[in-house]
Amino acid sequence: MTTKLSTEQIKRLDDVRANYLEITGNIAAAAEKTGRKSEDISFLAATKTVEPEIINYAVSLGLKKLGENRVQELLSKYDEYDLEHAELQFIGHLQTNKVRQIVGKVSMIQSVDSERLAAEIARQSLKNGISTDILLEVNIGREENKSGVIVEELPELIDKIRVIDGVRVRGLMAIPPICDNKKEICKYFDNMYKIFIDISSKKLDNVSMDFLSMGMSDDYTEAILCGANMIRVGSRLFGARIYR
Ligand SMILES: *Cc1c(COP(=O)(O)O)cnc(C)c1O
């Protein structure tokens, strides 16, 4: 079925297409500067507030990873994502009592910052006969009222979580503080990369440091230059968010 799009919708898709090409070009350039290829960098689109038609259009361009940050929104859009061609991840703060609603629907949960949350993801996963990939979220700026484990507590948290059956630690995620300049944000990214390498080198059982997820619309290039291999980009791809 072909539906006729309004001029405004066509303009929106054209913008998404141009943005997608710009971002993938920038990813390739930054990857190359660090001796990697664009395939080494996962481009995850943060899809909050974006309609499934627009998301799926981006998937048709080659986008492979989608990330939602609210359970309710993920569920309301779930049947419409093109999950034959892209995988869905959860990237937002997750309450323990909502875990049940998304386990089995997402390929990875990026925002695990407590043993309790990991244990519940594991419990729900085992019930479904699966194991769920998780990233541990680090509060790299030690900001109060922000999710994520602080660096000092990360080793202990990893040790507690890696022995839990039903989850698998696949890496780290961070959202650094808002910074005035690129130099400042790079300090946080550099620090995250150091921690990531440090943990990788320990070769812990049941931990594979495959993903370092950091960098958003305003700083994804810097993040890649500092060692990120997954970026989460929303507004730079889809345009400014409209909250309804
Ligand atoms: C919204 C969101 C992003 C992307 O934000 P933009 O600045 O629009 O690129 C990345 N990570 C998380 C966890 C988000 O919720």
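Residue indices begin at 1 and follow the sequence shown. Note that ligands are numbered from 1 as they come in the structure, with each ligand's atoms numbered from 1 the same way.
A pairwise comparison of heavy atoms in A46 and I91 identifies CB-CD1, 4.0 Å as the closest pair.
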Q) Checking side chain to side chain donor-acceptor pair (under 3.5 Å) for the pair E68/Y81: CA distance, chi angles, key distance, verdict? A) CA-CA 11 Å; E68 287 288 351; Y81 302 113; 2.8 Å; yes

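Residues satisfying the side-chain contact (heavy atoms from CB on, under 4.5 Å) criterion with E152, sequence neighbours excluded, are R142, I150. With sequence neighbours left out, the side-chain contact (heavy atoms from CB on, under 4.5 Å) criterion links Q95 to N97, K98.
In this structure, ligand 1 sits under 4.0 Å from heavy atoms belonging to A46, K48, N69, I91, I175, M216, S217, R232, V233, G234, S235, R241.
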List the atom pairs, donor and acceptor, that lie under 3.5 Å between side-chain atoms in residues 175-187 and the rest of the protein, sequence neighbours left out.
residue: N181; atom: OD1; partner: K183; partner atom: N; Å: 3.0
residue: N181; atom: OD1; partner: E184; partner atom: N; Å: 2.8
residue: K182; atom: NZ; partner: D218; partner atom: O; Å: 2.7

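Residues S213 and Q110 bring a donor and an acceptor atom of their side chains to less than 3.5 Å of each other.
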